[in-house]
Amino acid sequence: SGIMKIIGTTLQNKEILNLGSGIETTVLQIIHIIEKLVDRKLKVNIRNNDLFFPTVTRSRANISKANKLLSWKPQITLKKGIRELIKGDL
C-alpha cells in the first residue's frame with residue numbers, strides 16, 4: 001500500500017521515504033519469526049567483529065515522513081509481511 005501511494009503522488013523534492021512497521025525489531029526476532037513460519041531451525045552465523053561492515057543487530061524505520069506526506073500507516077504486521085514474502089504473495 002505504501003509503494004502504491006508513492007507511485008500515485010507527485011512529491012516535489014524527490015523525497016526519500018521509509019516504509020516499514022515503525023517498530024524496532026532485532027535480527028534475532030526476525031530469525032525466530034522465519035523459523036516459526038518455515039517450521040524449522042535455521043543455521044545462522046552472526047559476526048559482530050567486522051570493522052568495515054558492522055553487524056546491524058536491530059533496526060526501526062522512521063515512517064513519520066511517509067505518514068505526514070502520504071497519510072500512510074502500515075497495513076500489515078512484520079510477521080504477516082514475512083509470511084506473504086515466503087509464500088510469494090507480495
Side-chain angles (χ1 to χ4, degrees):
S1 69
I3 294 173
M4 296 308 291
K5 276 206 162 199
I6 291 170
I7 291 171
T9 189
T10 55
L11 297 174
Q12 296 295 323
N13 297 322
K14 297 184 181 181
E15 299 283 345
I16 296 172
L17 302 174
N18 293 320
L19 301 177
S21 69
I23 300 169
E24 183 173 301
T25 307
T26 68
V27 172
L28 288 177
Q29 286 172 312
I30 293 172
I31 291 167
H32 291 308
I33 290 170
I34 295 169
E35 286 177 335
K36 286 180 182 179
L37 292 172
V38 299
D39 196 28
R40 67 181 172 111
K41 188 82 173 149
L42 300 176
K43 183 179 179 182
V44 179
N45 182 9
I46 299 175
R47 296 180 356 191
N48 289 318
N49 60 354
D50 195 327
L51 296 175
F52 297 104
F53 300 100
T55 302
V56 176
T57 58
R58 64 182 189 266
S59 182
R60 180 183 67 86
N62 181 345
I63 60 173
S64 60
K65 192 189 288 187
N67 180 277
K68 179 181 175 185
L69 296 177
L70 302 174
S71 299
W72 178 83
K73 290 184 182 178
Q75 302 295 310
I76 61 174
T77 64
L78 178 63
K79 184 177 181 177
K80 184 175 180 184
I82 292 172
R83 180 185 301 121
E84 290 180 8
L85 184 63
I86 290 170
K87 288 174 45 180
D89 290 343
L90 286 181

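From a predicted model like this one, the values you see are computed outputs, not experimental measurements. Just so you know, residue 1 is the first one in the sequence shown, and it goes up from there.
Residues that satisfy the salt bridge (Lys or Arg N to Asp or Glu O under 4.0 Å) test with K65, not counting sequence neighbours, are E15. Not counting sequence neighbours, the partners of L37 by the side-chain contact (heavy atoms from CB on, under 4.5 Å) test are I33, K79, I82, R83, I86. Looking at residues two or more places apart in sequence or on another chain, you find no side chain to side chain donor-acceptor pair (under 3.5 Å) involving Q75. Residues satisfying the side-chain contact (heavy atoms from CB on, under 4.5 Å) criterion with Q29, sequence neighbours excluded, are T25, T26. Scored by the side-chain contact (heavy atoms from CB on, under 4.5 Å) test, K73 finds N67 as partners (sequence neighbours excluded). For S64, the side-chain contact (heavy atoms from CB on, under 4.5 Å) criterion is met by N62, not counting sequence neighbours.
For the atom pair CD1 of I76 and OG of S21, the computed distance is 10.5 Å after rounding to the nearest 0.5 Å. We find the OG-CD1 distance between S59 and I30 to be 7.5 Å, quoted to the nearest 0.5 Å.
Tracing side-chain contacts under 4.5 Å through hydrophobic residues (I, L, V, M, F, W, Y), one reaches V27 starting from V38; they form part of the same cluster. Note: the hydrophobic cluster containing L78 also contains I31 (ILVMFWY, side chain heavy atoms under 4.5 Å, direct or indirect links).
Counting only residues at least two apart or in different chains, salt bridge (Lys or Arg N to Asp or Glu O under 4.0 Å) contacts with residues 29-42 comprise E35-K41.
The two residues A61 and G20 come nearest to each other via the heavy atoms CB-CA, 4.3 Å.
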